[in-house]
Amino acid sequence: MPELPEVEVTRRGLAAPLRGARVLSARLGKPLRRPLGCPAAALVGATVGDIVRRGKYLWLPLSQPDGGLLLHLGMSGSLALLAQAGEPGPHDHFDLVTDRGTLRLNDPRRFGAVVWSASLHEAPAATLLARLGPEPFDPALTPETFHASLHARRTPIKAVLLSGEAIVGAGNIYACEALFQAGIHPALRADRLSRPRAARLLAAVRGTLARALDVGGTTLRNFTDVHGASGAYQAEAAVYGRAGAGCLRCGTLVRRIVQAQRSTYFCPTCQRR
DNA sequence: AGTTAAACCTGGTTGC
DNA sequence: TGCAACCAGGTTTAAC
């Protein structure tokens with residue numbers, strides 16, 4: 001599913017075309033993870049503002065009626081902007097028809113969400129965003145503050161990265177890749193990371209996310225950008241999905257373990273406790 | 001309070 | 001070939 005780079009790729013594809021678009025109609029398919037929270041017809045007539053991203057969420061502001069839609073792509077979601085929208089398929093669960101095209105959410109597993117909120121700063125949107133940690137490229141996130149937040153956690157560093165409390169945006173692929181880049185064993189307790197290693201990990205998370213953004217994200221099976229194009233990062237993953245294959249750096253066989261019910265891939269030689 | 005399982009869904013792949 | 005088991009870019013909720 002979409003991690004931060006994929007969501008940001010999506011945002012960049014939508015922002016300019018949809019800015020100022022007028023909502024003509026909306027259609028709901030099968031239920032998503034949570035209900036829209038308003039009748040689809042209530043969106044008609046609204047004007048779309050500047051789409052912003054927070055973590056893996058997108059906020060699509062609307063005016064007249066004022067409010068907005070908080071979108072999440074879950075594990076298997078993608079958004080397309082269609083000039084001519086055909087009949088919705090079995091996994092097309094939300095259409096926002098505008099005078100600039102139809103924004104269509106396709107999500108086979110339906111872990112995604114489209115939620116109406118009167119503003120980003122009140123429920124339900126604010127509630128959903130409340131537990132998110134700092135944005136990875138926020139200059140206020142320094143090696144010192146990152147190290148301090150890791151110091152408060154006794155769980156494995158991989159699980160802490162996935163939780164998004166210390167930094168948002170890295171999901172299962174990029175958490176594995178960043179730990180490899182930083183040479184850190186995924187099972188190392190977060191509070192055992194030294195300051196220099198925390199600094200190295202922060203740089204690795206930023207570098208991994210930035211690189212993925214540059215190449216359009218990762219496409220394992222579902223994800224495409226708003227024009228239907230796949231990402232390319234999967235071709236350069238060093239450890240993710242490579243269990244049993246040789247480490248690209250040292251040749252040791254990449255291992256797969258399970259942490260917090262998720263697969264973790266790592267090189268036991270390059271990544272040390 | 002802090003950590004860990006279970007839950008939500010569908011579909012593709014693997015293995016007997 | 002058939003079918004069961006397992007796996008998948010995430011997050012919330014319930015339970016130790």
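Chain letters run A, B, ... following the sequence lines, proteins first and then strands; every chain starts at 1.
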Could you tell me how the ring of A:His151 sits relative to the ring of A:His147: parallel (under 30°), tilted (30 to 60°) or perpendicular (over 60°)?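 Correct class here is tilted.
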Under the side-chain contact (heavy atoms from CB on, under 4.5 Å) criterion, do A:Asp191 and A:Leu150 qualify, and how do the steps go? CA-CA 6 Å; A:Asp191 62 348; A:Leu150 294 185; over 6 Å; no
Between [N] atom [atom2] and [X] atom [atom1], what is the distance in whole Å?
| X | N | atom1 | atom2 | answer |
| --- | --- | --- | --- | --- |
| A:Arg262 | C:dG10 | CZ | P | 5 Å |
| A:Gln259 | B:dT3 | CD | C1' | 14 Å |
| A:Leu162 | C:dA8 | CG | C1' | 14 Å |
| A:Leu71 | C:dT11 | CG | C1' | 16 Å |
| A:Arg256 | C:dC6 | CZ | P | 11 Å |
| A:His93 | B:dC8 | NE2 | P | 17 Å |
| A:Lys158 | B:dT4 | NZ | C1' | 15 Å |
| A:Ile173 | C:dA8 | CD1 | P | 11 Å |

Any Lys/Arg nitrogen of [X] or [Y] sitting under 4.0 Å from an Asp/Glu carboxylate oxygen of the other?
| X | Y | value |
| --- | --- | --- |
| A:Glu144 | A:Arg195 | yes |
| A:Asp99 | A:Arg22 | no |
| A:Glu6 | A:Lys56 | no |

Specify the closest pair of heavy atoms between A:Val254 and A:Gly246, including all atoms of both residues, with the distance to one decimal.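 Closest approach of A:Val254 to A:Gly246: CG2-C, 4.3 Å.
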Below 6.0 angstrom between ring centroids: does that apply to A:Phe180 and A:Tyr265?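 No, the ring centres sit 6.0 Å or more apart.
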Test item: side-chain donor near acceptor, A:Thr155 and A:Arg153, under 3.5 Å: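 There is such a pair (donor and acceptor under 3.5 Å, judged by atom type) between the side chains of A:Thr155 and A:Arg153.
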Can you tabulate the close N/O pairs, meaning under 3.5 Å, that link protein atoms to atoms of nucleotides 11-16 of chain B?
{"residue": "B:dG11", "atom": "OP1", "partner": "A:His91", "partner atom": "NE2", "Å": "2.9"}

Counting only side-chain heavy atoms from C-beta out, which of B:dT3, B:dA5, C:dG10 sits nearest to A:Gln261?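 Comparing B:dT3, B:dA5, C:dG10 against the side chain of A:Gln261, the answer is B:dA5.
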Between B:dT10, C:dG10, C:dT13, which nucleotide has the shortest distance from any of its atoms to the side chain of A:Asn172?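 The listed nucleotide nearest to A:Asn172's side chain is C:dG10.
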Determine if A:Phe111 stacks with B:dC8; use a centre-to-centre distance below 5.5 Å and an interplanar angle below 30° as the criteria.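 Whether judged by distance or by angle, A:Phe111 passes, so it stacks on the base of B:dC8.
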Looking only at N and O atoms, is any donor in the side chain of A:Arg109 or the base of B:dC9 less than 3.5 Å from an acceptor on the other one?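 A donor-acceptor contact between them is present.
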Would you say A:Arg154 has more than 12 foreign heavy atoms packed within less than 6.0 Å of its CZ?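 Not buried by this count: 12 neighbours or fewer within 6.0 Å.
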Taking Watson-Crick (N1-N3 plus N6-O4 or O6-N4) and G-U wobble (N1-O2, O6-N3), each under 3.5 Å, can you produce the dot-bracket string of DNA chain C? Use [ ] for crossing pairs and | for inter-strand ones. .|||||||.|||||||
Under 4.0 Å between any heavy atoms, over every strand shown, what does A:Tyr57 touch: base, sugar-phosphate, or nothing? Just pick one.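 Contact class for A:Tyr57: sugar-phosphate only.
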Pick base, sugar-phosphate or nothing for A:Arg154, based on heavy-atom distances below 4.0 Å to the nucleic acid.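 Touches sugar-phosphate only.
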Within the distance-only criterion (no hydrogens, no angle test), does the side chain of A:Thr208 pair as donor or acceptor with the backbone N or O of A:Ala204 below 3.5 angstrom?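 Flag set: sc A:Thr208 to bb A:Ala204 pair under 3.5 Å.
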DNA chain B: 5'-proximal contact among A:Arg33 and A:Ala260 (nearest heavy atom):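 The answer here is A:Ala260.
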Output the distance between atom OH (A:Tyr233) and atom CD (A:Glu177), rounded to the nearest 0.5 Å.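 CD of A:Glu177 is found 4.5 Å from OH of A:Tyr233.
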Near DNA chain C, counting only heavy atoms under 4.0 Å, which residues of residues 117-132 of chain A show up?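 Listed by number, they are A:Leu128, A:Arg131.
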